[in-house]
Amino acid sequence: MQVLVRDNNVDQALRVLKKKMQREGVFREMKKRRYFEKPSERATREKSEAVRRRRKLARKQEVRDGLIAAPKKLIEIGKSAGGSTRGRPAAGAILR
């Protein structure tokens with residue numbers, strides 16, 4: 001993995017590197033390999049992840065088909081549209 005440092009701006013290059021590593025799943029892989037995982041535990045984890053993915057896709061498809069209602073969206077009061085809540089409702093958020 002390679003990142004260019006422009007105008008001796010190392011902080012920006014570090015941010016770019018972290019973002020690239022996040023996209024590639026390097027941090028997830030490091031966390032997973034921190035401890036040995038028995039093959040049986042790995043198989044169990046992978047099966048449960050597959051079930052979770054399948055349920056999520058099925059739920060999205062049901063929403064698209066109109067079989068179930070779409071999840072409620074959050075509207076923040078006093079925040080710009082680009083504000084990041086990292087998936088959590090912010091203080092003063094209203095469900096619609």
Side-chain angles (χ1 to χ4, degrees):
M1 199 170 294
Q2 199 174 37
V3 176
L4 296 175
V5 179
R6 295 182 185 154
D7 300 327
N8 290 330
N9 194 348
V10 178
D11 291 332
Q12 182 183 7
L14 269 174
R15 278 196 302 265
V16 171
L17 177 66
K18 282 183 180 179
K19 191 176 283 189
K20 281 186 176 185
M21 291 173 71
Q22 183 77 30
R23 275 195 219 120
E24 293 291 324
V26 173
F27 295 122
R28 199 176 323 118
E29 187 75 22
M30 285 173 28
K31 188 176 179 182
K32 217 178 346 180
R33 291 179 184 260
R34 200 169 283 164
Y35 302 103
F36 178 75
E37 186 176 27
K38 288 171 35 178
S40 61
E41 291 173 348
R42 180 179 176 200
T44 304
R45 177 182 50 81
E46 288 177 351
K47 281 182 186 177
S48 66
E49 288 173 356
V51 167
R52 198 174 309 123
R53 278 193 308 270
R54 221 175 301 126
R55 282 184 186 154
K56 185 175 181 178
L57 287 173
R59 190 167 48 247
K60 281 186 171 188
Q61 188 61 43
E62 288 174 352
V63 168
R64 272 188 237 118
D65 294 342
L67 299 175
I68 60 173
K72 296 182 179 186
K73 295 183 180 180
L74 292 175
I75 298 175
E76 295 185 46
I77 299 173
K79 294 274 184 175
S80 64
S84 173
T85 60
R86 294 184 181 229
R88 297 183 303 265
I94 297 176
L95 291 175
R96 288 210 173 175

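Numbers here are sequence positions counted from 1.
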**Report entry** Residues that, via side-chain heavy atoms closer than 4.5 angstrom, fall in one hydrophobic cluster with Ile68
**Finding:** Val63
Report task. Report the distance from atom CD of Glu46 to atom CZ of Arg53, rounding to the nearest 0.5 Å. Result -> 8.5 Å
Query - Leu4, CG: over 12 other non-hydrogen atoms inside 6.0 angstrom - result: no
Donor-acceptor contacts under 3.5 Å from residues 14-32 side chains, at least two apart:
| unit_1 | atom_1 | unit_2 | atom_2 | d |
| --- | --- | --- | --- | --- |
| Lys20 | NZ | Gln2 | O | 3.0 |
| Glu29 | OE2 | Arg33 | NE | 2.5 |
| Glu29 | OE2 | Arg33 | NH2 | 3.0 |

Query raised in the report: Hey, is Glu49 close enough to Arg45 for a salt bridge, meaning N to O under 4.0 Å?
Result: yes
